[in-house]
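Structure, as C-alpha cells:
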Amino acid sequence: MRYRNRLTFSAAILGIVAQPCVFLYFALFGQTFSGDTLDLIAVASIGSLAIWLFARVGIQPTIRSEGRTLFIRNPLLSYEAPMESVALVARDGAAAIRIEGVGVVHPWVLSRSVFDGKRVRAAKDVLRDQIRAAAGASVLEPSGRTARKRLRVGALEVFLLLPVAFLIWNVFDIAMGN
C-alpha cells in the first residue's frame, strides 16, 4: 500500500513551478524595485523558502507498507516500524498511529480532506487490514525489529541556504547601523 494526497501534491507542484515565474516577473516588470540587487536577492530568498515549504508539506508526506514494515514520511520526521508494533487509533476525530517505542504519530497524508476524503478512507481501511494481518502473523513469527524515528534531512535543504544567508546578512546589516 502506498498513499499520497493527490490534491496537495498537485497544488505543491504548481506552487513550486510558480516561484521562478514570480521571480522573473518581479525582476523584469516589477515597479516596486529600485533596481537594487538586494531586492532581487530578497525575492529569490522568499521564493526559495516557498519552494522548500511546498516540497516539504505537499510532495514528501507519504505512507506506505512494504511486507511487514510501515513507513511514514511526515514533513520533518520519518518513521519506520514493523507492522506488528503498530496500532491504528482515533485521535480527536483524525487518524493516528501508535508505534511501540515511539508513541502516537499523526501521518499528514491521513489527515481529513474535503477533496480527497474517499481515497483517505480507503487507505485507512487497507492499512487497518494490513495491521490486523501483521498482528496475527506476529504471534506465529515475531520479527524482533524495533521502530525508528528520524529527522528528515536531504538535498531539499539546499533551498534553505539563500533565505538563511539573507537573514544573517540583514541581521549584521541592522547591527552595523545600516
Side-chain angles (χ1 to χ4, degrees), residues 1-66 70-81 91-97 99 102-124 148-178:
M1 185 223 33
R2 179 183 170 103
Y3 176 72
R4 171 183 282 150
N5 189 316
R6 289 182 189 169
L7 182 67
T8 307
F9 181 80
S10 301
I13 292 291
L14 184 65
I16 289 170
V17 169
Q19 296 312 306
C21 299
V22 169
F23 175 76
L24 287 175
Y25 173 79
F26 280 116
L28 298 175
F29 308 112
Q31 300 296 323
T32 58
F33 287 117
S34 61
D36 189 17
T37 307
L38 196 58
D39 290 342
L40 290 176
I41 293 172
V43 171
S45 69
I46 290 170
S48 181
L49 185 62
I51 289 172
W52 180 84
L53 188 67
F54 280 126
R56 278 288 179 184
V57 172
I59 293 176
Q60 292 191 338
T62 58
I63 187 166
R64 67 184 165 88
S65 61
E66 291 179 4
L70 180 67
F71 299 92
I72 301 170
R73 289 178 50 178
N74 280 344
L76 296 176
L77 297 171
S78 66
Y79 306 88
E80 180 181 336
R91 205 35 107 111
D92 300 327
I97 296 175
I99 301 174
V102 174
V104 177
V105 175
H106 296 274
W108 278 53
V109 294
L110 295 182
S111 299
R112 291 180 182 169
S113 175
V114 174
F115 302 105
D116 210 22
K118 289 181 183 178
R119 290 189 66 237
V120 170
R121 280 191 294 279
K124 287 179 193 175
R148 292 189 291 183
K149 173 182 176 180
R150 287 183 246 158
L151 179 65
R152 300 190 58 230
V153 179
L156 185 62
E157 274 57 54
V158 167
F159 288 104
L160 289 177
L161 292 177
L162 185 59
V164 168
F166 187 69
L167 175 69
I168 292 170
W169 170 266
N170 278 315
V171 167
F172 279 115
D173 194 39
I174 290 170
M176 295 298 181
N178 293 335

Checklist entry - CG/L70 to CZ/R64 distance, rounded to the nearest 0.5 angstrom? => result 9.5 Å

Next on the checklist: Here's a test for you: under side-chain contact (heavy atoms from CB on, under 4.5 Å), which of E80, R152, R4 qualifies with R73?
Outcome noted: R152

Checklist outcome for this item: Closest non-hydrogen atoms of V104 and A96, given as atom of the first, atom of the second and distance, are CG1-CB, 3.7 Å

Next on the checklist: Can you confirm whether more than 12 heavy atoms, excluding those of Y25, are under 6.0 Å from its OH atom?
Outcome noted: no

Item to check | Shortest non-hydrogen contact between F54 and I16, atoms and distance | outcome: CB-CG1, 3.7 Å

Checklist entry - So F71 and T62, side-chain contact (heavy atoms from CB on, under 4.5 Å) or not? Walk me through it. => result CA-CA 8 Å; F71 299 92; T62 58; over 6 Å; no

Item to check | Chi angles and distances behind the side-chain contact (heavy atoms from CB on, under 4.5 Å) call for L156, Q60 | outcome: CA-CA 10 Å; L156 185 62; Q60 292 191 338; 3.6 Å; yes

Item to check | Y79 OH: over 12 foreign heavy atoms closer than 6.0 Å | outcome: yes

Checklist outcome for this item: Note: I72 and I97 closest approach over all heavy atoms is CD1-CD1, 3.8 Å

Checklist entry - How many angstroms lie between atom CD1 of I41 and atom CG of L162, to the nearest 0.5 angstrom? => result 7.0 Å

Next on the checklist: What I want to find out is whether E157 reaches R56 closely enough, with some N-O distance under 4.0 Å, to be called a salt bridge.
Outcome noted: yes

Item to check | Minimal non-hydrogen separation, N5 against V109, with atom names | outcome: N-CG1, 4.4 Å

Checklist entry - Any idea which heavy atoms bring A12 and G58 closest together, and the distance? => result CB-CA, 3.6 Å

Checklist entry - Rounded to the nearest 0.5 Å, what separation is found between the CD1 atom of I63 and the CH2 atom of W108? => result 14.5 Å

Item to check | S65 side, atom OG; Y3 side, atom OH - distance, nearest 0.5 Å | outcome: 14.5 Å

Checklist entry - About how many Å separate CD1 of I46 and CG of L53, when rounded to the nearest 0.5 Å? => result 13.0 Å

Item to check | Check against side-chain contact (heavy atoms from CB on, under 4.5 Å), F166 and L38 | outcome: CA-CA 9 Å; F166 187 69; L38 196 58; 3.7 Å; yes

Checklist entry - How long is the gap from CG on L167 to CG on L160, to the nearest 0.5 Å? => result 11.5 Å

Checklist entry - Between M1 and A123, what is the shortest heavy-atom contact and its length? => result SD-O, 3.6 Å

